[in-house]
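Remarks on the structure that follows.
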Amino acid sequence: MSIYESLNNDQQKAVMYMEGPLLVLAGAGSGKTRVLTHRIAYLIEEKKVNPWNIMAITFTNKAAKEMRERVDAIVDFGAESVWVSTFHSSCVDILRKYIDRIGYENNFTIYDIEDSKFVMKEMLRRLNLNPKIYKDQVILAKISKAKNALIMPEEYEKNATRWEEKKMAQVYHEYQVHLRKNNALDFDDLLVRTVELFRVEPEILNFYQERFRYIMIDEYQDTNTVQFEFVRLLVSKHKNLCVVGDDDQSIYKFRGANIGNILEFERVFPEAKVIKLEQNYRSTQNILNSANEVINHNQGRKVKRLWTKNESGELIHFRQFQNEFEEADFIAEDVSKKVKTKDLQYKNFAILYRANAQSRLFEEKFLLANIPYKLVGSVNFYARKEIKDLLAYLKTVDNALDDLAVQRIINVPKRGIGVTTLRRVEKYAWEQGINFYDALLEVDSIPGLRRNLNKIKAFTLFIQSLRAQEEYLGLEELLEKIIKETGYLKELKAENTEEAKARIENIDELMSKVANYEKSSEQSTLSGFLQEVSLVSDIDSVEDGNDYVLMMTLHSAKGLEFDNVYMVGMEDGIFPSYLTISGENSSELEEERRLCYVGITRARKTLTMTSAMQRMIRSEIQYNKTSRFVMEIPRELVDWGWYTINTRHSFDPSIFGGMKLSRRAYSAETFKPRKFTVNKSKSLEYDIGDTVCHIKFGIGKVQDITEGGKDYEVTVDFEQMGVKRMFASFAKLKKL
DNA sequence: TACTGGATTATTTTT
DNA sequence: TAATCCAGTA
């Protein structure tokens, strides 16, 4: 039997249609990834297309990785030469080869948002603009928007009518000048510069047109104008384009995603064929019907109606609570109960919320209930301070052209080199037209630095010695050396706070990532590692093997699926968010509704929506109505519970006394379930009868230890909290 | 230069 | 609530 027989009719059509541009309108859970992977297989095996000529583009590394694995699994030969990558990494690969044609050097650095902000702040200061009016974030957002719409500074200037816009254009221009001078690109530039390269160098474009004869794009509804142009240029020769998307799942308009790309696909490519995939393989009938009804309240969409052969399943559960504490309590208890009684795994559950700030309470409750969880988002691993510091050292050693990296670490740890000194060096570098680091090397000729001469020399000496050693030291050893000789770790250890401990763990994790990189890549170089690291996001780290409940925003959940989903904070003012209902802009409300649709369709078996009547928001108590989205679900599809009167979960303030998490962003790392699997083989450092200490529950006596499937389960009688059972590796008990 | 405290200000964010 | 920024002080 051929692999294509397992596909339904529409899927087969989508896989086999080869006559020009194809738009696959794939509803949630309709097997779009299957279509893409099978299409790749079909091209290679039936159409005898050289795998080398096939390009598949996704948005996240995670999606790319998954697609790669699935292609590997169904294609016998040549799968590894298929180009499967994200927009951004594809562009990086192209630019590393050819960006010198448009006035950069091929070893450019990539700025993340934090870097851009830092640069922007400095720039605004230099331009003497009032930071009260010119806010770095606002300006960067505008620049990003312009870039995503492929508007260059010159054009921005031309379009500007009002005075502020003219000023804005000037800032945009300056910012680009700065980037170029530092041989740096921000995320948006990766796309913009590639398009520019294609436009000015036809033979390079031609090369890639010949190379990528068959192009496939996933999540097409979230492409922005630059991405579209990138694709359009590439396919304009052979016209073998297949895009897969769902206009109902377009949720990144605020970041420049152009829903017109999908809605007007047929206009841009008049010969295009459209195939709809409406059979859903993921969810129950009830979940699907709810999703259909909700999304039906939107105007201006391509009409689709998902159906499934799956059973109708449970009703949608809705529970309203007095306040947010009860809400979190209920969910923690519900998960716990289901895991115990129904023999489910933690990884079958996900909690989805509108904004990251909502995660805190759930973390606290899950900690207390001993439920392993992983928080996705909020702070990207590589954006954490300690990680960025160490990476900045590596960058400086690798290539001291990156002024930003040098400036970041010159006084970390504290070397007594302050802002005034830095300004002087900067000024000197500016006047001489040299790099910051090179200016540091000429410190003797910089006026007004007498007192700090030696401090600076000590720093440059340190960097030079690291560079000298880079050649024969491995990456791991190099990093180790930096950590040791800067005293970075020592300083953190001395702090002895929860936060410092979390940072130390992150550093350990970085070490293992470096080690991993060295092992997995054929020729590991410092530059290679730094590049790999610059384009990863938090969601990429979610792996199927680990057993934990996932907590994330509705946005990050796109593309994922779970047996049991909780959508929390279903209140008007939270979701849909306050700003979208107060403004009379219905298109923003529609985007929120699409977000809701995305949330609902993540669920395979059960969906629980919760809301609180009362909620503390920024130290103010808010009273919110139940979300209009909940009301848009037909009444008969919902189990309304007892609507609100649920005495069992009444709020007991004593539970919260002294239990605040030190810091949200770090706590999740502290409870990495990774440690779960690792620890099992080791025996425990404590035994029955020992006195142990738990970071939240305090001191207690071990009553029992049993060996479970993956881990030891320990029963402890705590002085304050009473008897608790917990997983050993998760609880991290310390013997006293 | 480095630290402290008061004022200020808040979505969502694949890279 | 909580993070960030700036001004004033040690």
Side-chain angles (χ1 to χ4, degrees), chain A residues 57-64 85-92 110-113 116-117 121 131-132 135-138 140-141 144 147-148 185-191 218-219 221-224 226-227 249-257 324 352-358 360-361 376-380 382-383 411 414-422 451-452 455 531 533-540 542 552-560 569 573-583 588 591-592 594-596 598-599 615-621 660-665:
Chain A
I57 300 275
T58 62
F59 276 83
T60 63
N61 297 303
K62 183 171 187 283
S85 181
T86 64
F87 273 109
H88 292 264
S89 351
S90 300
C91 289
V92 171
I110 301 167
Y111 279 3
D112 67 13
I113 321 98
S116 303
K117 257 193 215 168
K121 259 183 218 148
K132 285 262 145 55
K135 294 197 178 135
D136 46 337
Q137 296 205 40
V138 178
L140 284 169
S144 173
K147 286 183 178 176
N148 286 330
L185 305 190
D186 63 17
F187 285 142
D188 300 319
D189 272 342
L190 295 175
L191 266 306
D218 194 12
E219 305 281 10
Q221 74 282 355
D222 288 322
T223 49
N224 59 35
V226 211
Q227 287 160 346
Q249 291 187 65
S250 157
I251 54 175
Y252 281 103
K253 196 177 127 214
F254 71 96
R255 279 199 70 194
E324 69 269 39
L352 310 182
Y353 35 79
R354 177 66 238 263
N356 275 313
Q358 289 170 260
R360 214 195 79 236
L361 263 182
V376 178
S378 67
V379 184
N380 189 343
Y382 290 103
N411 203 29
K414 301 239 171 341
R415 297 189 174 88
I417 304 170
V419 238
T420 23
T421 310
L422 293 183
R451 226 170 339 133
N452 289 318
K455 296 173 183 166
Q531 169 169 333
V533 140
S534 61
L535 292 176
V536 305
S537 74
D538 210 36
I539 193 85
D540 297 333
V542 174
M552 66 183 99
T553 61
L554 287 153
H555 282 91
S556 331
K558 197 188 70 179
L560 306 179
I574 305 279
F575 185 42
S577 89
Y578 172 72
L579 286 142
T580 49
I581 45 181
S582 53
E588 285 183 18
E591 175 135 330
E592 294 278 291
R594 289 195 290 270
L595 194 54
C596 184
V598 167
R615 176 186 298 269
M616 193 79 115
I617 290 180
R618 290 188 230 130
S619 69
E620 241 173 73
I621 295 175
K660 283 178 55 194
L661 291 178
S662 53
R663 235 149 145 202
R664 172 163 49 86

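Since we're looking at a predicted model, the values are computed, not measured. Numbered from 1 within each chain, the chains take letters A, B, ... in sequence-line order.
Between Glu324(A) atom CD and dT1(C) atom C1' there is a gap of 11 Å when expressed in whole angstrom units. Distance CG (Asn224(A)) to C1' (dT13(B)): 13 Å, rounded to an integer number of Å. Atom CD of Glu588(A) is separated from atom C1' of dT12(B) by 11 Å (rounded to the nearest Å). Straight-line distance from the CD atom of Gln137(A) to the P atom of dT13(B): 14 Å, rounded to whole Å. Protein atom CG of Asn356(A) is 5 Å distant from nucleotide atom P of dT13(B), rounded to whole Å. Atom CG of Leu352(A) and atom P of dT12(B) are 15 Å apart (whole Å). Between His88(A) atom NE2 and dT13(B) atom P there is a gap of 16 Å when expressed in whole angstrom units. The nearest whole Å value for the distance from the CZ atom in Arg360(A) to the P atom in dT1(C) is 8 Å.
Side chain of His555(A), nearest nucleotide from dT13(B), dA2(B), dT14(B): dT13(B). When the nucleotides dT14(B), dT13(B), dA2(B) are ranked by their closest atom to the side chain of Thr60(A), dT14(B) comes out on top. Of the candidates dT14(B), dA10(B), dT13(B), dA10(B) carries the atom nearest the Lys135(A) side chain, counting heavy atoms from C-beta on.
The residue Lys414(A) sits close only to the backbone: its heavy atoms come under 4.0 Å of sugar-phosphate atoms, none of a base. Contacts of Lys121(A) with the nucleic acid, taken as non-hydrogen atoms under 4.0 Å apart, involve only primed sugar atoms and P, OP1 or OP2. Within the nucleic acid shown, Tyr252(A) comes within 4.0 Å of at least one base atom, counting heavy atoms only. As judged by a 4.0 angstrom heavy-atom cut-off over every strand, Asn411(A) is placed among residues touching the sugar-phosphate backbone only. Within 4.0 Å (heavy atoms only), Asn61(A) reaches sugar-phosphate atoms of the nucleic acid but no base atom. Thr553(A) comes within 4.0 angstrom of sugar-phosphate atoms only, judged by non-hydrogen atoms across all strands, and of no base. Contact annotation for Thr421(A): backbone-only contact, meaning every heavy-atom pair under 4.0 Å involves sugar-phosphate atoms and none involves a base.
If you find the closest nucleotide of DNA chain B to Gly416(A) and to Leu535(A), the one lying nearer the 5' end belongs to Gly416(A).
Ring-base stacking between Phe254(A) and dT11(B) is not satisfied when judged by a centre separation under 5.5 Å and a plane angle under 30°.
Residues satisfying the side chain to side chain contact (heavy atoms under 4.5 Å, CB included) criterion with Gln249(A), sequence neighbours excluded, are Ala28(A), Gln221(A), Asp246(A), Lys558(A), Tyr597(A), Val598(A), Arg602(A).
For the residue pair Ala257(A) and Asp222(A), the shortest heavy atom distance occurs at CB-O, 3.5 Å. Contact record, Ile251(A) with Arg594(A): CG2-C, 4.1 Å, taken as the closest heavy-atom pair. For the residue pair Ala557(A) and Leu352(A), the shortest heavy atom distance occurs at CB-CD2, 3.7 Å.
When only modelled atom types and interatomic distance are considered, Thr58(A) and Asp218(A) share no side-chain donor-acceptor pair under 3.5 Å.
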